[in-house]
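Only one structure is covered here, and it is reproduced in the block below.
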Amino acid sequence: HAKREGRGRAEMFSPALALEASDRAEMERDLMLALERNEFMLEFQPQVDVVSGRAVAAEALVRWVHPGRGDMVMPGAFVPLAEESGVIIALGDWVMGHVCETATQWARRGVAQRLTMNISSRELAQADFFMRLRHAMATHKTPPAMLELELNESIGMDLPTRVLGQLRALRGEGVRVTIDEFGTGYSNLSRMKDLPVDRVKIDRSLVRDIVSSAEARTICGAVIGLVHGLGLEVVVAGVESQAQIDLLRVLGVTQFQGFYLARPMNEADYLGRYGRQAVALRSV
Ligand code: C2E
Ligand code: MG
Ligand code: MG
């Protein structure tokens, strides 16, 4: 068994799809056990409005703090497998509960920033997804205006009427909806006009080369123009330099998220760095 713990572990955190069936089954069990043992945590990364200089929202990003390894396992190493195996439903419940609880605490402390959480297509496809979300909100008495859902582009464009109706109802109560990873899929753009969303997150891949490539700037500018033209807010993800921000500012973008501004961090660090500014914002 020692061999499995050693060599097997290292492989376990390589891309989920490359796993052998037995390793995959073991990792599914590990994920369920990790949920029972409360080994997951959230980190938060600010989405900053560079005009006001303030964070407007914090994206909640799940991590697995593996007891044997001590370090954090990043979602790229377990979320795909969790999605494939269905464990994402239980994991998503944990994330929802934790985000709702945190959002309520922040609201009570006067931290006027939304918490935004990632929702997998597999989660959204569950008939009781919205019931479970509302249950989490009710349990923690979460102000709807503190919450935002990030749905990735591929889901966003192809939502059944039932889901569209639920999203519309939530938005009516103050929950916000963002299309995540915009520009990475092959979307049916004509459907965008009917989507109940507030905001679009432009994917990192669209802005990566804008400083060096005129073509990349053209594509990025057209996408941003499309989103603004539909009356939606824009946030650009994966910003790694001031030069990118300067170029995007000219295109009318004010909201940014990326390592250049801040890496994801634990809640205490986040509140230390961004909690106070929000209190100031509130007292204005
Ligand atoms: P995402 O929703 O696109 O989240 C942003 C990812 O980009 C995060 O990676 C973040 O650390 C990374 N990032 C932010 N700024 C930069 C930057 O400037 N440069 C680079 N190279 N990367 C940047 P992370 O935390 O590893 O998350 C990866 C993905 O895992 C997320 O992509 C999301 O799809 C998924 N995920 C994370 N947490 C959850 C969750 O609670 N539920 C679900 N369903 N999926 C989650
Ligand atoms: Mg996201
Ligand atoms: Mg993603």
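Worth saying up front: this structure is predicted, and the values here are computed from it rather than measured. Every number for a ligand or one of its atoms is a count from 1 in the order of the listing.
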Original post:
Counting heavy atoms only, which of Glu150, Glu59, Arg204 comes nearest to atom 1 (P) of ligand 1?
Top reply: Glu59
**OP:** Test the Arg263-Phe259 pair against the cation-pi criterion, namely NZ or CZ under 6.0 angstrom from the six-membered ring centroid and within 45° of the ring axis.
**Re:** yes
Original post:
Is it the case that more than 12 heavy atoms not belonging to His228 sit under 6.0 Å from its NE2 atom?
Top reply: yes
Subject >> Ion pair check, Glu148 and Lys201, cut-off under 4.0 Å >> reply: no
Subject >> 2.8 Å cut-off met by an N, O or S atom of Glu150 to the Mg ion (ligand 2) >> reply: yes
**OP:** Determine, considering heavy atoms only, which of Glu240, Arg263, Arg122 sits nearest to atom 20 (C) of ligand 1.
**Re:** Glu240
Original post:
For ligand 1, which atoms sit closer than 4.0 Å to a heavy atom of Gly258?
Top reply: 15 (N), 18 (O)
**OP:** Spell out, yes or no, whether Leu81 and Met72 are grouped together once hydrophobic residues are joined by side-chain heavy atoms under 4.5 Å, including indirect joins.
**Re:** no
Subject >> Proximity winner for atom 30 (O) of ligand 1, if only heavy atoms of Pro75, Ser120, Ala60, Ser241 are counted >> reply: Pro75
**OP:** Please assess Gln126 against Arg132 for the test side-chain hydrogen bond (donor to acceptor under 3.5 Å, both in side chains), listing each intermediate value before the final yes or no.
**Re:** CA-CA 10 Å; Gln126 297 291 309; Arg132 288 185 287 114; 4.9 Å; no
Subject >> Shortest-distance N/O/S atom, Asp180 versus the Mg ion (ligand 2) >> reply: OD2
Original post:
For Glu59, what is the atom name of its N, O or S atom nearest to the Mg ion (ligand 2)?
Top reply: OE2
Original post:
Do you see an N/O/S atom of Asn118, backbone or side chain, under 2.8 Å from the Mg ion (ligand 2)?
Top reply: yes
